[in-house]
There are 2 protein chains.
Amino acid sequence: MIPSKNNEKTSPSYDNLFVQMCNDSLPHLGYKLDKTKPVLYIVTPTFARREQVAELTRLAQTLLHVRNMIWFVIEDATKCSPMVGDLLDRFQIPYVQMLAPLPEIFSGQSQKPRGVSQRNAAIQFILSQSNPPEGVLYFADDDNTYDLRLFEDIRTTKKISMFPVGLVAGSSHSSPILKDGRLVGYSDPWFGKRKFPMDMAGFAINIRMLTYNPDRVAMPFMPGYEEDGFLKGLNFNWEDVEALAENCTKVWVWHTTTIEKSAPTFRFEQSDTNLQSLFQELKHTGLIKQSDDGPHLPQCGIDKYC
Amino acid sequence: MIPSKNNEKTSPSYDNLFVQMCNDSLPHLGYKLDKTKPVLYIVTPTFARREQVAELTRLAQTLLHVRNMIWFVIEDATKCSPMVGDLLDRFQIPYVQMLAPLPEIFSGQSQKPRGVSQRNAAIQFILSQSNPPEGVLYFADDDNTYDLRLFEDIRTTKKISMFPVGLVAGSSHSSPILKDGRLVGYSDPWFGKRKFPMDMAGFAINIRMLTYNPDRVAMPFMPGYEEDGFLKGLNFNWEDVEALAENCTKVWVWHTTTIEKSAPTFRFEQSDTNLQSLFQELKHTGLIKQSDDGPHLPQCGIDKYC
């Protein structure tokens, strides 16, 4: 059972969620999709931070190797980021950029249900399409690392596929356990009485799965139980689970985590050098904050040995 | 001046350095190089850690977009890693895999000169070739993030090129300062009385620069002064510096840092499930350590709600 929609704390109704389109490149780039073959729906929640531009660039350059996909990039923000939009435009991958901020009700919580609004917004967008192309949905956070073989593999998903994830929560992995090719259990550093003790990066579903019980398909706002709640809402049996990554003996996705530091604050640099434009670029990409009170950018002339 | 070679502490002589080839795929993949155009010599020091397989995969998939390059992957290790070798073989990028461990003299130091042995080994390898193809050398650590535009740009380097690096040491950037197109200084979070207050990822050199004064070209074993010592050993004038990344107004490389955690220790899993093979894979790729004393892999059966 997914948490009741009446429980505002775990599952605010969609009517209360703020969702907004930034730019839907599908009409323009949709011709890049071969709708006669399964399309990959890659869903990436993201939020503004000093490292965001680097992580999205890195992920985009991985996805640039993957054909026949739509990239859903959904920001935890109330305004569309021009940096994210510029970056997405440049790569010419068919994409949908949306906003779906964390509801304010959770803002005071110490453990925030991160990525939930964003993934739910993508699901609702897909369900709202009158005739979406056949394909496979995968939740790909922007700081993880993906072996290209993963994308080939998940495209074959008929109902639901599962596979190992490396570097989970300070331990080594999260993985389904298979015996004679059938799912018999899970190996995970934390079980938490979950029916599906799995990592967000460890499964993919055919988008037909969303349409069987559209009212039940949603991720709950419960830290630690997002995957479990989502999977419980899908209509599948244990026998439906398809084991990927060479029968779950390989690791083709890793939960890498980038060290985050807050962006430093500097004064606007009025300058007759490149620092004038560089400052704007650093500000645009979130590496710097501007304030009249901050220090000037550090500078040292050649041969000065500061 | 680079530190004297007599000073064993900062610059052990090459005779004392342990350097060993693991596998040189150049004879086999060299046909992929177009020697009539500048070749990129990408030098990546690496060391074994839980996150290494993910970082090398991510970097390899970025470099897979880059044509006409040789990838030097040099391990801080005394034995060639089969995992690194397998990974390099798979991508079909022309590569050289070598060992060049940190000399033991530095092993007790709190701030270790990381990557120095490895970069020096690559330089010596290039200098040892009788007729290396024309091209450009770039030091690309395995945890950084590279915008593909960087590689197009550095290939034009005639002598030495410089460009901004983002996310440097908790601050925003390290960059040359240019006025009317000429280098006039540097902006960096730490100057340290360096002639070249720059980041390792912020410059590229034409490999002809190595051959002018081969005895002087080496990176010193001085934490914080590796770049400075190396650049001082090259024979160039301020006027020789070529500003890249749209006249140093863009950031196309970021010093991202992945959170490192030590690999957990588990007992060898004798099992009739996929965990038997998965354990071997996790061990092979460094995500797990094996010990008879460790706990078994955590397991929970389906419908058990552990």
Side-chain angles (χ1 to χ4, degrees), chain A residues 50-51 54 57-58 61-62 64-65 145 147-148 164 166-167 170-173 175 177-179 183-189 191 193-195 197 238 247-251 254 256-259 261 263-264 266 272-275 277-278 281-282 285 287-288 297-302 304-306, chain B residues 50-51 54 57-58 61-62 64-65 145 147-148 164 166-167 170-173 175 177-179 183-189 191 193-195 197 238 247-251 254 256-259 261 263-264 266 272-275 277-278 281-282 285 287-288 297-302 304-306:
Chain A
R50 197 181 72 127
E51 296 74 15
T57 298
R58 183 145 66 177
Q61 293 177 174
T62 291
L64 206 52
H65 289 291
T145 302
D147 187 309
L148 292 174
L167 305 176
S171 187
S172 52
H173 69 285
S175 176
I177 304 176
L178 298 156
K179 197 167 173 174
L183 183 72
V184 295
Y186 292 95
S187 179
D188 192 280
F191 294 116
K193 300 196 184 303
R194 292 178 292 172
K195 180 171 185 183
W238 293 119
N247 219 25
C248 295
T249 63
K250 300 289 180 190
V251 176
W254 298 268
T256 37
T257 309
T258 301
I259 292 175
K261 291 186 175 159
F266 287 102
D272 56 356
T273 70
N274 64 312
L275 293 186
S277 298
L278 183 61
E281 171 75 1
L282 293 167
T285 54
L287 271 74
I288 229 169
L297 294 185
Q299 301 191 29
C300 180
I302 54 174
K304 288 280 191 295
Y305 290 80
C306 301
Chain B
R50 197 180 72 127
E51 295 74 15
T57 299
R58 183 146 65 178
Q61 291 176 174
T62 292
L64 206 52
H65 289 291
T145 303
D147 187 311
L148 292 173
L167 305 175
S171 186
S172 52
H173 69 284
S175 177
I177 303 175
L178 297 156
K179 197 167 173 174
L183 183 72
V184 295
Y186 292 94
S187 179
D188 192 279
F191 293 116
K193 300 197 184 304
R194 293 180 290 171
K195 180 172 184 184
W238 292 119
N247 219 25
C248 295
T249 61
K250 301 289 180 191
V251 176
W254 299 267
T256 37
T257 308
T258 301
I259 291 175
K261 290 186 178 161
F266 286 103
D272 56 354
T273 70
N274 64 313
L275 293 186
S277 299
L278 183 62
E281 171 76 1
L282 293 167
T285 54
L287 271 74
I288 229 169
L297 294 185
Q299 301 191 28
C300 181
I302 52 174
K304 288 279 190 295
Y305 290 81
C306 301

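Computed from heavy atoms alone, side chains included, the values below leave out hydrogens, waters and symmetry copies. Order of the sequence lines sets the chain letters (A, B, ...), proteins ahead of strands, with each chain counted from 1.
Closest approach of A:L287 to B:G166, counting heavy atoms only: CD2-CA, 3.7 Å. A pairwise comparison of heavy atoms in A:P264 and B:G170 identifies CD-O, 4.3 Å as the closest pair. Nearest heavy atoms, A:L167 versus B:E51: CD1-CG, 4.2 Å. When all heavy atoms of A:Y305 and B:K193 are compared, the pair lying nearest together is CD2-O, 3.3 Å. Across all their heavy atoms, A:C300 and B:I177 have their closest contact at N-CD1, 4.5 Å. Taking every heavy atom of both residues into account, B:N274 and A:L178 meet most closely at OD1-N, 2.7 Å.
Of the two parts of B:L148, the backbone and the side chain both hold a non-hydrogen atom closer than 4.5 Å to a non-hydrogen atom of chain A. Proximity to chain B (any heavy atom under 4.5 Å) is shown, for A:I259, by both the backbone and the side chain. Both the backbone and the side chain of B:R50 come within less than 4.5 Å of a heavy atom of chain A. Using a 4.5 Å cut-off between heavy atoms, B:T57 touches chain A through its side chain atoms alone. With a 4.5 Å cut-off on non-hydrogen atoms, B:A54 touches chain A through its backbone and its side chain both. Contact of A:L282 with chain B is made through the side chain alone, with heavy-atom distances under 4.5 Å. Only the backbone of B:D188 comes within contact range of chain A, with heavy atoms under 4.5 Å apart. Using a 4.5 Å cut-off between heavy atoms, B:N247 touches chain A through its backbone atoms (N, CA, C, O) alone.
For the set B:I288, B:T62, B:T258, the entry with the most heavy-atom pairs within less than 4.5 Å of chain A is B:T258. Interface remark: of the candidates B:S172, B:A263, B:P197, B:P189, B:S172 forms the most heavy-atom pairs closer than 4.5 Å to chain A. Of the listed residues (B:K261, B:R194, B:H65, B:K179), the one with the most heavy-atom contacts under 4.5 Å to chain A is B:H65.
Interatomic distance, A:C248 SG to B:L275 CG, rounded to the nearest 0.5 Å: 9.5 Å. Between A:D147 atom CG and B:Q61 atom CD the span is 5.5 Å, to the nearest 0.5 Å.
Classified by interplanar angle (parallel below 30°, tilted 30° to 60°, perpendicular above 60°), the ring pair B:F266/A:H173 is perpendicular.
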Starting from the C-alpha separation in whole Å, work towards a yes-or-no answer on side-chain contact (heavy atoms from CB on, under 4.5 Å) for A:R58 and B:T145.
CA-CA 6 Å; A:R58 183 145 66 177; B:T145 303; 3.1 Å; yes
Let me see the working for A:Y186 and B:Q299 under side-chain contact (heavy atoms from CB on, under 4.5 Å), right down to the final yes or no.
CA-CA 6 Å; A:Y186 292 95; B:Q299 301 191 28; over 6 Å; no
Take A:T285 and B:V251, measure what side-chain contact (heavy atoms from CB on, under 4.5 Å) needs, and give me the verdict at the end.
CA-CA 9 Å; A:T285 54; B:V251 176; 5.8 Å; no
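Side-chain atoms of B:S187 come within 3.5 Å of backbone atoms of A:P298 as a donor-acceptor pair (strictly under, hydrogens ignored).
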